[in-house]
Structure formats: C-alpha cells, structure tokens
Amino acid sequence: MSLITRSLAFVALAAALVGTTSTAWGALIAYDDFERPASNSLGTTPVGGYLWSETENPEGDRIQLVNAPISAADFNSRGSGSDPTAVINVGLTDVSVSAIMRSDLVASNNYFGGIRYRVPFPSAGFASDVNFATGGYSVEITQALWDAGRVANSVSLRWRNNDVLASVVYAPTFVTDTDYDLRVDAIGDSHKVYVDGTLVIDYTETTAGRDIAGAAGIGTFYGNWLFDNFTVNAIPEPSSFALISLAIGVFGAVYSRRRERNS
C-alpha cells in the first residue's frame with residue numbers, strides 16, 4: 001500500500017470514528033425537510049428517525065405539515081395565545097441546531113419564532129418551560145416590536161424563555177415570505193448565533209450548571225412561521241477534532257512530498 005493510499009485510509013478511519021455522516025460541526029444526528037403529505041402531525045424526521053413531540057396548548061392544529069406555499073412545518077399561534085413547540089429527544093449538550101425560517105404573516109403583527117436546544121423532553125411549550133427547573137435555551141427572531149427587551153427585527157438568546165441573555169437588532173429588516181437561515185452552535189458555556197451565516201450573537205453563559213443535555217426543536221409565540229430544513233448536529237469532542245486534523249495533516253505532508261518528487 002502506498003503512503004498516499006495509507007493516508008486516505010487514515011482520513012476515512014478518522015471520519016468513521018467521528019460519525020458516519022459528518023458536517024463542519026460534527027456528526028449529523030437529525031434532519032427534516034418536511035416534504036411529506038399535508039398533515040396535522042409532523043411525524044418522524046427522515047434522518048435520525050426521531051418522533052416529533054408536539055405541544056399545541058391551548059388549542060390543537062397549531063402545528064401542521066403544509067405543501068403551500070412551500071413544503072414546511074407551519075406554526076400558527078398569532079392571536080391564539082398559544083405557544084406551540086415541537087422537539088425531538090436528541091439528548092445533546094454540545095450541539096448545532098439550525099432551521100430555515102419564513103414569516104407567514106404581515107410584519108407588524110408577527111412576533112417570536114425560533115429554534116430550541118437543551119430543553120426538557122417533552123416540552124411544555126415555546127414560552128412555558130419557565131416552569132421547569134432546567135428550561136433550556138431558545139434562539140428567536142422577533143419581527144414586530146414586543147417590548148424594550150425584544151424590539152422589532154431582533155434576534156434574541158433566552159434561557160427558560162423569559163430570561164433574555166443577549167439581543168441584537170438585525171439589519172436589514174426581516175421581510176415576510178423570505179427565507180432566513182437561523183443557527184446556533186452551543187459548546188459548553190459558549191453560544192454563537194448566526195443568521196444566513198453571519199455571526200450576530202456571541203454569548204458566554206455566566207451561570208454554572210446550564211450545559212446540560214436535552215431535546216432540540218422549533219416553536220413560536222404570538223407568531224406565524226414556516227420552518228424548513230431543520231438540522232441537528234452533534235459537535236464532536238476535541239479529541240475527535242484532533243484525530244481529523246492529524247489525518248489531514250498526514251495527508252497534506254505526503255501529498256507535498258509526492259509533488260516535490262514529481263517536480
């Protein structure tokens with residue numbers, strides 16, 4: 001076996017040790033494009049096989065699979081006083097969670113919608129987990145003015161839904177019927193929030209004991225939002241990163257030597 005063949009085998013072994021399917025953030029745990037027949041239940045994620053746990057109090061049918069205007073998960077809570085949420089029991093601490101979000105209501109009437117992680121399973125609701133001792137985190141887009149802490153066109157990171165940890169105004173403004181890619185990478189006490197790939201919140205948790213494993217999901221409160229391409233990645237341990245880096249380094253060194261010999 002040649003040196004370069006051995007190096008490629010080592011890279012493959014390193015990738016296999018991290019996970020059978022990997023991304024820039026780690027092993028892909030769950031993915032849902034919601035491209036299924038219209039239904040009052042979200043069902044199961046095509047990748048990962050996780051059953052969605054839905055909370056739609058006080059009324060039902062606030063979470064649906066729809067095929068128009070796009071195939072997506074439709075969360076409709078504006079005017080109902082409900083805070084629908086859907087979570088899957090991934091049981092992860094260090095995690096990357098993302099979803100494509102689209103406002104489905106006129107901007108002046110649309111409020112919270114976002115993603116959740118490290119939350120209890122099942123969830124009591126997008127805005128109701130304050131009743132839990134360990135309520136987890138939410139990252140939300142607020143399209144219209146709610147209060148001084150969550151102004152129009154803002155992105156916020158919250159603990160147990162009512163404790164705002166960080167909030168920023170996003171520019172340009174969030175436009176109805178437009179897709180936005182919302183993502184959070186949480187490693188220990190570090191929480192980085194991105195919109196369309198741009199870092200908007202870089203927060204370090206100051207309260208001990210919040211780096212706990214939990215579910216991940218999506219939800220709304222007084223907002224109508226469509227969700228698509230929901231993705232959960234397990235962020236690998238530093239040792240896994242080191243293994244991949246070593247494999248890539250070996251491959252690079254061998255490749256350079258081969259090029260020098262050939263030249």
Side-chain angles (χ1 to χ4, degrees), residues 29-30 42 45 50-59 62-63 73 75 77-78 80-99 101 111-142 146-151 154-168 182-195 200-223 225 227 230-235:
I29 300 300
L42 297 186
T45 64
Y50 289 92
L51 179 66
W52 285 99
S53 173
E54 304 175 20
T55 302
E56 304 168 77
N57 57 322
E59 303 175 38
R62 291 294 175 177
I63 302 175
F75 283 60
S77 65
R78 181 66 182 99
S80 71
S82 64
D83 56 343
T85 189
V87 297
I88 56 176
N89 196 21
V90 294
L92 293 173
T93 302
D94 293 342
V95 65
S96 176
V97 183
S98 65
M101 294 179 56
Y111 298 102
F112 314 126
I115 54 182
R116 313 196 63 202
Y117 59 104
R118 298 182 183 175
V119 299
F121 184 87
S123 170
F126 189 72
S128 301
D129 277 344
V130 69
N131 297 320
F132 284 80
T134 53
Y137 292 90
S138 298
V139 178
E140 62 190 19
I141 291 175
T142 305
W146 180 262
D147 57 26
R150 285 156 288 184
V151 299
S154 62
V155 182
S156 302
L157 172 66
R158 294 196 291 171
W159 165 255
R160 291 198 301 186
N161 299 289
N162 288 334
D163 300 338
V164 179
L165 303 176
S167 185
V168 297
L182 181 65
R183 186 182 102 231
V184 59
D185 295 344
I187 305 175
D189 290 329
S190 171
H191 303 259
K192 297 182 185 296
V193 179
Y194 301 82
V195 177
V200 294
I201 293 176
D202 188 350
Y203 177 78
T204 300
E205 180 61 74
T206 58
T207 302
R210 292 182 175 178
D211 54 340
I212 55 176
I218 47 184
T220 61
F221 180 58
Y222 282 95
W225 293 87
F227 294 90
F230 175 79
T231 306
V232 179
N233 288 284
I235 298 178

Test log, rule side-chain contact (heavy atoms from CB on, under 4.5 Å), inputs Asp185 and Tyr194: CA-CA 8 Å; Asp185 295 344; Tyr194 301 82; 3.7 Å; yes

Asp94 side chain to Gly188 backbone, donor-acceptor under 3.5 Å: yes

Side-chain (Glu54) to main-chain (Leu42) donor-acceptor, under 3.5 angstrom: yes

Side chain to side chain donor-acceptor pair (under 3.5 Å) involving Trp52 - partner list, sequence neighbours excluded: Asp32

Pairing residues for Ser167 by the side chain to side chain donor-acceptor pair (under 3.5 Å) criterion, not counting sequence neighbours: Ser156

Contact check, side chains of Val184 and Tyr137, non-hydrogen atoms, under 4.5 Å: no

For Ser53 against Phe121, the heavy-atom pair lying closest together: CB-CE1, 3.5 Å

Under 3.5 Å donor-acceptor, Thr45 side chain and Tyr50 backbone: yes

Donor-acceptor under 3.5 Å (Arg118 side chain, Thr93 main chain): yes

Gap between atom CZ of Arg62 and atom CZ of Arg78 - 0.5 Å precision: 11.0 Å

Chi angles and distances behind the side-chain contact (heavy atoms from CB on, under 4.5 Å) call for Arg158, Val164: CA-CA 4 Å; Arg158 294 196 291 171; Val164 179; 3.9 Å; yes

Candidate pair Tyr117 and Val90, rule side-chain contact (heavy atoms from CB on, under 4.5 Å), full reasoning: CA-CA 9 Å; Tyr117 59 104; Val90 294; over 6 Å; no

Worked verdict on Leu182 versus Val97 for side-chain contact (heavy atoms from CB on, under 4.5 Å): CA-CA 8 Å; Leu182 181 65; Val97 183; over 6 Å; no

Thr220 versus Ser77, side-chain donor and acceptor atoms under 3.5 Å: yes

Whether Tyr111 and Trp146 hold their rings parallel, tilted or perpendicular, with breakpoints at 30° and 60°: perpendicular

Reported CG-to-CG distance for the pair Leu157 and Asp163, which is rounded to 0.5 angstrom: 10.5 Å

Test item: Ser190 side-chain N/O and Ile187 main-chain N/O as donor-acceptor pair under 3.5 Å: no

Single hit among Phe126, Phe227, Trp225 for ring pair (Phe, Tyr, Trp, His ring centres under 6.0 Å) with Phe75: Phe227

Rounded distance [0.5 Å steps], OG1 in Thr55 versus CD1 in Ile63: 7.0 Å

Euclidean distance, Arg210 CZ relative to Trp159 CH2, rounded to 0.5 Å: 5.5 Å

Reported CG-to-CG distance for the pair Asn89 and Leu51, which is rounded to 0.5 angstrom: 10.5 Å

Separation of Ile29 CD1 from Ile235 CD1 (nearest 0.5 Å): 11.0 Å

Whether Thr85 side chain and Ile218 backbone form a donor-acceptor pair below 3.5 Å: yes

